[in-house]
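Just below is one structure, and these are the notes that go with it.
Every heavy atom of this structure was used, including side-chain atoms; hydrogens, water molecules and symmetry mates were not. Labels below follow one simple rule: chain letters A, B, ... track the order of the sequence lines, proteins then strands, and each chain is numbered from 1.
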2 protein chains.
Amino acid sequence: MAQSDTVDRILDAAEELFAERGFSETSLRMITSKAKVNLAAVNYHFGSKNALIHAVFGRFLTPFSATLESAFDELEARCDGSPPTLNQTLWALTESAVRMPQRNEKGISIFMRLLGLAYTQSQGHLRKFLEQEYSEPFGRFMRLLKEATPQLSAVDRYWRIQFMLGATAFTMSSSDALQDILRNKLGVDTTVQEIAARLVPFLAAGMQAQDTLLASPADIHIPVA
Amino acid sequence: MAQSDTVDRILDAAEELFAERGFSETSLRMITSKAKVNLAAVNYHFGSKNALIHAVFGRFLTPFSATLESAFDELEARCDGSPPTLNQTLWALTESAVRMPQRNEKGISIFMRLLGLAYTQSQGHLRKFLEQEYSEPFGRFMRLLKEATPQLSAVDRYWRIQFMLGATAFTMSSSDALQDILRNKLGVDTTVQEIAARLVPFLAAGMQAQDTLLASPADIHIPVA
DNA sequence: GTCTGTTTGAAACATACGTTTGAAGCGCAT
DNA sequence: ATGCGCTTCAAACGTATGTTTCAAACAGAC
């Protein structure tokens, strides 16, 4: 099969280059020369650069969302009616990501960074693609979060989910650069699993902080103790 | 003075466009046509597109870092020898950001998003510029954080600071969009000050979670309880 | 071997970019 | 009024991008 060889080589090269440089900063010529295929191959096999971006996400996200769904199934079965805890829910997500079969050792971190970029770079088409393609597992995750934090007001929960999302997306989207700094400053090396192991407790603690009680707007900025 | 008019119009337009589209996705032609100035004006007044990016950051960051320094001065004076608490440190930063004189009501969120982009988009020159221009207040903030969390290992503290950064930059940068969603779904309205009032407790709680104890790499992914 | 549909290849396409150029316009001392 | 900085302007520069074209190479069926 000649086709799938070319297609896969393009996807591999694109995935890696997108992750380390961003989408618009990566040209088709970089991709095709890294993949050692002809420039026209991208438009022949995928149709356009945007479609290639979608294909890169689809190749990872489709099996991942299946894995995630069954992880949620298993978790809910194990909990037998009572809603899973916050830690269980967050770990089910992390687990599914880390356990995914990887093309290579950089697999997860590459993809975490791509997801971060998807949120961060305002590529309208990508956002739309992801929303209409993977709304189901996303919605289910949100529902589980809600059931795991019944003590929170809807507004607090809403904002704290954004905080979690931000911490995750941001960290993952710059994790290579961050790791370089860490390696230089502290002389240690960190795997994605370890980052996740540090991130989840941080998120869980923040999520479970006492429900925010707002003072009158006027002196919101005053509390210093 | 005709010059400063053109210069400011360019800076205003660039700031807004960079924030909503990113750096490489924003062309000089978009900027100059939004600012209603000639295309060549950017290279005449700033020298290059990169220098313009630096100027956009400098215009906000220089007065901000002065404000921040004096906020830290005041805080340390008030604490009189003993290190400020985590809450005090975070509030000093938040205060300084919120209290900055704003060009318009979107001022803070625009700049939060720019800071997020600076970290996220791999613009080497920007990173270098920010590091060598504002290393002092940044380093001081780091030192305060370190003194406020002596129980954390250096590695844990490093990563948790990244998590805080991410949650903050992400939330503030998309707060306009998020507020729209919130208004539609929950029928409430939120000011930047209120978001900060929700964010700081979240960050403080995450920061003060128990120091991460890592199991052997092999079973890092196992804990589900 | 020849035909057929699919895949590759080198080259060109149109467009957009950041930057440079050189003339024109302006305010203001002299 | 003249001359001198500074600023604006329209136009062009060279380069890089995504996409298209069309001929050559290829594989498998007959």
Side-chain angles (χ1 to χ4, degrees), chain A residues 1-59 114 117-118 121-126 128-129, chain B residues 1-57 59 114 117-118 121-129:
Chain A
M1 235 185 256
Q3 146 153 9
S4 69
D5 192 50
T6 299
V7 167
D8 283 344
R9 285 231 301 285
I10 292 176
L11 286 173
D12 288 342
E15 181 176 285
E16 208 160 323
L17 286 172
F18 285 153
E20 65 188 38
R21 314 180 32 99
F23 302 110
S24 24
E25 291 85 354
T26 302
S27 72
L28 291 186
R29 283 168 177 82
M30 294 177 196
I31 295 172
T32 53
S33 85
K34 171 163 191 159
K36 292 193 182 30
V37 302
N38 187 272
L39 169 61
V42 170
N43 285 277
Y44 175 76
H45 286 288
F46 298 94
S48 70
K49 185 182 179 181
N50 280 353
L52 169 62
I53 296 178
H54 296 173
V56 167
F57 276 84
R59 182 169 67 151
L114 284 181
L117 287 181
Q121 313 214 164
S122 50
Q123 301 264 4
H125 67 97
L126 222 192
K128 219 165 286 179
F129 169 77
Chain B
M1 230 186 258
Q3 145 154 10
S4 69
D5 192 49
T6 299
V7 167
D8 283 344
R9 285 232 300 285
I10 293 176
L11 286 173
D12 288 342
E15 180 177 285
E16 210 160 322
L17 286 172
F18 284 153
E20 64 188 39
R21 313 180 33 99
F23 302 110
S24 25
E25 291 85 355
T26 302
S27 72
L28 292 186
R29 283 167 176 84
M30 293 177 195
I31 295 173
T32 53
S33 85
K34 170 162 191 159
K36 291 192 181 34
V37 301
N38 187 273
L39 168 61
V42 170
N43 284 277
Y44 175 76
H45 286 289
F46 297 94
S48 71
K49 185 182 179 181
N50 281 352
L52 169 62
I53 297 179
H54 296 174
V56 166
F57 276 84
R59 182 169 67 152
L114 283 181
L117 287 181
Q121 312 216 163
S122 50
Q123 301 264 4
H125 66 97
L126 221 193
R127 195 86 145 245
K128 220 165 284 179
F129 169 78

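Here the closest non-hydrogen pair linking A/V37 and A/A41 is CG2-CB, 4.2 Å. Of all the heavy atoms in B/V42 and B/S48, the pair that sits closest is CG1-O, 4.4 Å. When all heavy atoms of A/L117 and A/G22 are compared, the pair lying nearest together is CD1-CA, 3.9 Å. Scanning both residues, B/A13 and B/K34, for their nearest heavy atoms gives CB-CG, 3.7 Å. When every heavy atom of B/T26 is checked against every heavy atom of B/M30, the shortest pair comes out as CA-SD, 4.0 Å.
By the side chain to side chain donor-acceptor pair (under 3.5 Å) test, B/S24 is found to be paired with A/E25, residues two or more places apart in sequence or in another chain being considered. For A/F129, the ring-ring contact (aromatic ring centres under 6.0 Å, His included) criterion is met by A/H54, not counting sequence neighbours. Residues forming a side-chain contact (heavy atoms from CB on, under 4.5 Å) with A/A14 (at least two apart in sequence, or on another chain): A/F18, A/I31, A/L52, A/V56.
Inter-axis angle, ends of the helix from C/dG1-D/dC30 to C/dT30-D/dA1, five pairs per end, rounded to 10 degrees: 20°.
Listed pair B/H45 / D/dC6 fails the phosphate criterion, with no side-chain N or O lying under 4.0 Å from OP1 or OP2. For B/T6 and D/dT8, the shortest distance from a side-chain N or O to OP1 or OP2 is below 4.0 Å.
Taking CZ from A/R59 and CG from A/D12, the interatomic distance works out to 4.5 Å, rounded to the nearest 0.5 Å.
Rounded to whole angstrom, the span from the CD1 atom of B/I53 across to the P atom of C/dC17 amounts to 15 Å. Atom P of nucleotide C/dT7 and atom CZ of A/F46 are separated by 12 Å, given to the nearest angstrom. Between the NZ atom of B/K36 and the C1' atom of D/dT8 there is a distance of 17 Å, rounded to whole Å.
The main-chain N or O of A/F23 is found under 3.5 Å from a side-chain atom of A/K49 such that the two form a donor-acceptor pair.
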Let me have a per-nucleotide readout for nucleotides 14-27 of chain D, 5' to 3', with B, S or -, counting only protein heavy atoms under 4.0 Å. ---BBBBB------
Return the polar atom pairs (N/O with N/O) between nucleotides 23-28 of chain C and the protein under 3.5 Å, or none.
none

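At least one side-chain heavy atom of B/I53 sits under 4.5 Å from a side-chain heavy atom of B/N50.
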